[in-house]
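Everything below concerns the one structure shown next.
Note: hydrogens, waters and symmetry copies are ignored here, and every other heavy atom, side chains too, is used.
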Amino acid sequence: MPTVCCFPGGVNVWSITPEERGKHDKQFDTLAPILGYVSGEQARKFFLQSGLPASVLADIWNLADMDGDGKMDRLEFSIAMKLIKLKLQGRNLPSALPIIMKQLPASNSGSSFPSSARFGMGSMPNLSVNLPSMSTMSTMPILTPIQANNTMRPMQPLLPTPMSLSLIHTFGNSGLCNGSISLSNSSSTTSLASNSPKTGTNDWAVPQASRLKYRQQFNTLDKLMSGYLSGPQVRNALMASNLTQTQLATIWSLADVNKDGQLLADEFILAMHLVDMAKTGHPLPLTLPQDLVPPSLRGGSKPSELVNGTSPSVTPSLIDIMETEATQKNKSSVSFEDKLKENFARGSAELEKRRLTLEQEQRKEREKRAREEKEAHERREREAREQENRRRLEEERWLERQREMERQRNEERLRELERKEAAKLEMERQRREEWECGRREELSRKREGEQEEIFQLRARKRSLELELEAGNKHKQISDCLRDAQSKRRIQKAEVDLINQKRDARIAEINTLQLEFEVDEDTVGEPGWLCGSYRGNRGWFPQIYAEKCTAASAIENAPTSHGSSLTLLARAISSWSASTEAHLKLFSCGDLISVLQQRDDWWLGQINGTQGWFPKSYVTLETKYVALYTYESPEVGDLTFVEGDVVIVTEKEGEWWRGCIGDQTGVFPSNYVRPVEPEASRLGTLAKKPEIAQAVTTAKSPMMHQLGLSPGQLIVVLAKNSTGWWLGELQARGKRRQRGWFHSSHVKLLGPSSCKSSPSPLPVCQVIAMYGYAAANKDELSFSKGQLINILDKTNSDWWKGEAGGVIGLLPTNYVKMTTESDPSQQWCADLMALDTMSPQERKRQGYIHELIQTEETYVEDLELVLEVFYRPMSESGRLTDTEMAVIFVNWRELILCNTKLLKALRVRKKTGGENMPVQLIGDLLASELAHMQPYIRFCSCQLNAAALLQNKTYNTPDFKDFLKKIATNYRCKGMPLSSFLLKPMQRITRYPLLIKNILENTPDGHADRFSLQEALDRAEELCSQVNEGVREKENSDRLEWIQSHVQCEGPIEHLVFNSLTNCLGPRKLLHSGRLSKTKSSRELWGFLFNDFLLLTHSTKPFSSEKLFSFQTSGQLKMYKAPLFLNEVLVKMPPDPSSDEPLFHVSHIDRVYTLKTETLNERTAWVQKIKAASEHFIETEKKKREKAYQARSLKTSGIGRLLVTVIEAQELKACKPNGKSNPYCELTMGAQCYTSRPISDTLSPKWNFNCQFFVNDLYQDVLCITVFEKDQFSPDDFLGRTEVPVATIKKELETKRAANRRLLLHEVPTGEVWVKLDLQLYEPIK
């Protein structure tokens, strides 16, 4: 290789080398530029691959985008890539783009600088070569020529010096080493020969501007940098001229000068020049004129020498120049170095000229583009202003029309009011005349009545005078009568004293009477009997005793009023006898048989001794038997079943206190009757008492229970179904005690032997897990799932049980406790279904079952109150309608709320199947608990109801007796009305506990967990709202006053003030008072609630003292429609310091100017309205944000369900006009969508589309709920329907997606038409 001399000096790091530019151009082409530019989005994606931060890339973009047009050409793209490379190498970005980077590299369109060797010295690109000084140039060594191609004849040097064409080859092949070379957009094949004096480019007929233009187009089309274009590459450029095929063929023939079927750069420029000539109307020449032949193709050079070949590219023009210079060397004294320098200077000047021309063209193009963009921007702004002006004018015209219509409506309304006022005055006048006429008639009747009364008084006076005359005789008769009565009382006292003495003597005789045990088998002397008394045995005269019988014992027993043989008394304190007639001794808790009752002293018997004792030392214990079963959830009540024996310890009114075993409590007295004493059944055989023997030790923790030791005998007096028996302990040497004991501690003894037999009462109940066939006669056979009553569990391996009337032994490992012993399994008795579930799921289903069962019981109690209490009380007329409303408030609304909830729960349970688990329940609870606002009103008024009921009960005995009579209904289970009135409060506080139990047993990933959490939040929120309503009783009373004293019309005709708002919780009265209008000075009464402002007026004078007074009979009428606070803007007057207390309330397109009585009152109104309005707006904003977050929740699953709600038909009417404002809500787990409301229709057409992500094919349920949009209260319920996803899949397997008709449940009428399409991502196995 020839040695190359590089110019001295270092390389600038900011310069772009030709190799880098070639690489950048290739990357530029991969981005598919449009018209030579790449957009910011295309470049951004490419630049981000470098890994640099976005802020650094933004700085690089600002530096590289020199014209600031938001897009990049090839040069700007190359600059950006160079800056990215330097930044990755650790260099800092410059504050301004270096000038050297703005200069063009040595080649264009992706070609590298060494590519100029393909075209020889004559094809060097436009270079701006900064040569060193001539002294440096003169030191360059002379290079010798080499033969690069064997096919070419070597050329002899044309100069006397050793310098040859190798020098030109060296320059054309490798360029300048240390020079500064900038790349322009001009052609890369422009020959330096054109700069020579002999063959310059000035004699080419193609204009310079066209050459530059088409050179750029050539470089764009030459993507492979081959130096020529083929026919397909040129075809699109020529076809864009819209010339005929004949013209295009002629242009190709003329432009292809070397006839090689390809176009070099100059040939392409010539072809495009000919196209311009043809388009301007000039005729195409038949042969190419000499002035149109490209200078590089003139002469005898072969085409192969003009294309990128292997031989050195030396044009004939250059050879001529060198020969001419050689022949003239002797004629001129100019040295070769001077000519070379001149040649370089001329070429540099031409290159600089072309560069400046190109920059000028680009600058003009940028200015033109900027001017066009500015004009377009101004045009758009002008159009926008015109459109805004038109819109404003249209709005002003619309507002003017609205104001005109409002003015007309106001005028019509005023005329109507005047007509109503005139008619009212006329009616008032007529009423006054009628009243005066009636008053005159009443006065005349009153006068006649007074005259009649005068006549009666005169007659009475005469009769009194006659009675006065007979007064002495009457007095004498009265004295005689008093004397007779006094004598009668004295005689009665004497008789009573004699009776007392007689009874005392009888008692003494009874104490002296002895009972002997006579041995009739022993025969002695006649007249003598053998017997025993107090452990002594011997003979005694027969005449000293007589044989006792049961009948004679009863006849000889002392009797008096109130005596009973079965009357028992329990000692409440210890007693010791002071005389022989008294009962000697008993302790606290002893059971005494009362034989006789006389005033404050009773005759009793204990441990075989009798005597008198004070009745204050004991309390009666009477045995009663239950007539009905009594169950009560109240703490402190005694529950029992029909036939149980109850020991009554205290009687007070209609509720008595008693005990059964270890239970004590109160119960209704009409549920029991006294036990008929056995001794009173004369003439009947006495039943043989049952004897039981204690087998285990039992302590007596309570007063009425027996303490047992093994072996003790007990006489069984009564048996209860709970396993507690009443008996009398037969302990030798001890006093006989009566009390309760459990049957598991004893065994019954036969009538004639001491063999033990098991208790007939079942110990527990089990269910068979497997079938069993008896192998022995004493075993019990049973089948799987059969219920068995266990009678004995002594043996841990074999229990004794009863099934179907058959008693036998059964293996314990074949059975398990029933659902009664396992609360988590009460929902299902199918053991196979239970075995497939985890313990947590069984508990979850048990709590769900408990919720449904308790809800059914609660709804039955609510309906019972209407049937048993409300209707008889209303029909009896003992209470007015107002008093009935105070006691029962909105009881029917409570029934409606819980009936809808119960129906929804039943539908959900029915959807899953009977005795099958309920998969989803949280969505139902969350939906229904949001509509429980009637509880707020009921609970807040409950104190008033209880106070009125108590007052009526205490002050009206007839009403008290009436309530007790209707409470004897067996369905009431002995509970009074007051207990039922507490049930709503108890139920509402129990919802959070039930839901919390279900939630705690719901796994984290369960589809129902999110809905259950939402339901729990709503239940707790409802409880807090109820508590707040109870606390704010004053607010509730005032709302009730407004309800009864304000006549509402229009949209709030059926508004319930004491209820929930639409989104702000319970309605609250924030402020109220007298206002007046500034223009008409009309008196208004304003009521500011937390959701709207209500202005009213009164036709009669109304003072502030009458406000919220229930003794007030005056009525207020609605002045204007309510002003919702989210649409209200309150303003102070322009001059707040004015003494006139005015303020303005703006509502949509109307302004109300109101006046208060004082400045402080004005400040209060303005501040409270502002605060309430801001709270309303903020609450709605949060609600919208929450709904948006729910809609934007990204979810994935096994598929998706596309739902289109087309329309609904025959919906329930909620508005007075028979219409509704319905909208639908679609939910599936936590996913929720809501359609828009349609006004005044019962058949809305929504055409609402949404999609749900399916997580579990067999648990997900699509729920569609229709609501009525209400501004003043929570949206009303119009029906619900549910479709399991599994059902949708099954139906879609048989037919494609089609419209389906779904009936709405929990409402009397309504249906929804939907289109369902299920798309699963993968097959479900």
Side-chain angles (χ1 to χ4, degrees), residues 844 847-859 862 890 893-909 918 920-940 983-1000 1002 1008-1030 1056 1059-1067 1179 1183 1186-1187 1190 1225-1230 1232 1234 1261 1263-1268 1270 1273-1280 1282 1305-1307:
R844 167 183 158 83
Y847 287 124
I848 293 176
H849 173 79
E850 180 184 1
L851 172 64
I852 298 175
Q853 291 288 60
T854 54
E855 188 68 23
E856 291 177 349
T857 304
Y858 174 63
V859 173
L862 293 180
N890 55 344
E893 295 181 9
L894 302 184
I895 295 178
L896 183 61
C897 290
N898 288 89
T899 302
K900 289 197 296 185
L901 173 59
L902 181 59
K903 286 182 178 179
L905 294 174
R906 286 174 175 172
V907 170
R908 179 61 57 86
K909 186 171 180 62
V918 179
L920 300 176
I921 197 172
D923 54 340
L924 290 181
L925 297 175
S927 176
E928 295 299 335
L929 287 174
H931 300 87
M932 291 286 187
Q933 63 272 15
Y935 278 91
I936 298 175
R937 182 184 179 192
F938 178 85
C939 295
S940 61
K983 285 185 176 292
M985 175 67 83
Q986 295 169 351
R987 185 60 181 174
I988 211 67
T989 55
R990 195 176 180 187
Y991 280 129
L993 301 177
L994 294 172
I995 298 174
K996 188 175 181 180
N997 290 336
I998 300 174
L999 182 62
E1000 289 176 350
T1002 301
D1008 200 25
R1009 187 168 182 84
F1010 181 84
S1011 300
L1012 282 172
Q1013 185 62 50
E1014 183 181 2
L1016 178 60
D1017 295 341
R1018 292 193 176 180
E1020 292 176 346
E1021 181 184 3
L1022 179 61
C1023 289
S1024 63
Q1025 291 173 354
V1026 168
N1027 293 333
E1028 184 179 0
V1030 173
V1056 178
S1059 64
L1060 282 180
T1061 61
N1062 186 266
C1063 62
L1064 298 175
R1067 182 169 287 105
T1179 303
K1183 184 178 179 181
K1186 184 177 181 181
E1225 180 181 272
L1226 291 85
T1227 59
M1228 182 186 290
C1232 179
T1234 304
V1261 177
C1263 181
I1264 304 176
T1265 310
V1266 183
F1267 294 101
E1268 153 77 12
D1270 196 339
S1273 60
D1275 301 335
D1276 197 6
F1277 177 79
L1278 297 182
R1280 180 204 316 273
E1282 296 178 352
H1305 302 291
E1306 308 170 41
V1307 287

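The pair E1306-K900 does not meet the salt-bridge criterion, since no charged nitrogen lies less than 4.0 angstrom from a carboxylate oxygen. Using a 4.0 Å cut-off between charged nitrogen and carboxylate oxygen, D923 and R1280 do not count as a salt-bridge pair.
Atoms CD and CD, from E1021 and E1014 in turn, are 10.5 Å apart once rounded to the nearest 0.5 Å. Atom CD in Q986 sits 7.0 Å away from atom OG1 in T989 (nearest 0.5 Å). The CZ atom of F1010 sits 12.0 Å away from the CG atom of L999 when rounded to the nearest 0.5 Å. Note that CD of E1000 and CG of L1012 are 11.5 Å apart. Values are rounded to the nearest 0.5 Å. Between the CD1 atom in I1264 and the CG atom in L1226 there is a gap of 5.0 Å [rounded to 0.5 Å]. If you take CG on L925 and CG on L851, they are separated by 6.0 Å, rounding to the nearest 0.5 Å.
Smallest separation of non-hydrogen atoms from L862 and L894: CD1-O, 4.1 Å. A pairwise comparison of heavy atoms in V1026 and C939 identifies CG1-CB, 3.4 Å as the closest pair. The two atoms that bring P984 and Y858 nearest to each other are CA-OH, 3.2 Å, heavy atoms only. Residues P1066 and I936 come closest through the heavy atom pair CG-CD1, 4.1 Å. Closest of all the heavy-atom pairs between R844 and L920 is NH2-N, 4.4 Å.
Side-chain contact of R937 with S1059: a donor-acceptor pair under 3.5 Å is absent, judged by distance alone. Side-chain contact annotation: Y935 with N890, donor-acceptor N/O pair under 3.5 Å absent.
Remark: A1019 engages L929, Y991, P992, I995 in a side chain to side chain contact (heavy atoms under 4.5 Å, CB included) (not counting sequence neighbours). Annotation: side chain to side chain contact (heavy atoms under 4.5 Å, CB included) contacts of T857 (sequence neighbours excluded): D861. Not counting sequence neighbours, the partners of S940 by the side chain to side chain contact (heavy atoms under 4.5 Å, CB included) test are S1036, N1058. Qualifying salt bridge (charged side-chain N to carboxylate O under 4.0 Å, His left out) partners for E856, counting only residues two or more places apart in sequence or in other chains: R906. Taking the side chain to side chain contact (heavy atoms under 4.5 Å, CB included) definition, one finds that T1227 meets it with E1225, C1232, C1263, sequence neighbours left out. Listed by chain and residue number, R987 satisfy the salt bridge (charged side-chain N to carboxylate O under 4.0 Å, His left out) test with E855 (two or more places apart in sequence, or in another chain).
No side-chain heavy atom of K909 sits less than 4.5 Å from a side-chain heavy atom of I848. Looking only at side-chain heavy atoms (C-beta outward), Q933 and C897 stay at 4.5 Å or farther from each other. The shortest distance between side-chain heavy atoms of D1276 and D1270 does not fall below 4.5 Å. Side-chain contact between Q1025 and L1022 is present, with heavy atoms from C-beta onward closer than 4.5 Å. For the pair T1002/I998, a side-chain contact is recorded, criterion being any heavy-atom separation below 4.5 Å from C-beta on. Using a 4.5 Å heavy-atom cutoff, the side chains of L901 and L905 are in contact. Residues H1305 and V907 are in side-chain contact: their nearest non-hydrogen atoms beyond the backbone lie under 4.5 Å apart. By the 4.5 Å heavy-atom criterion applied to side chains, R908 and V918 are counted as neighbours.
Remark: the backbone N or O of G922 is paired with a side-chain donor or acceptor of D1008 at under 3.5 angstrom. The closest donor-acceptor contact from the side chain of R1067 to the backbone of V1056 lies under 3.5 Å.
Between H931 and F1267, the angle of the ring planes stays under 30°, which puts this pair in the parallel group of the 30/60° scheme.
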Practice prompt. Let me see the working for L924 and E1282 under side chain to side chain contact (heavy atoms under 4.5 Å, CB included), right down to the final yes or no.
Written response: CA-CA 11 Å; L924 290 181; E1282 296 178 352; 3.3 Å; yes
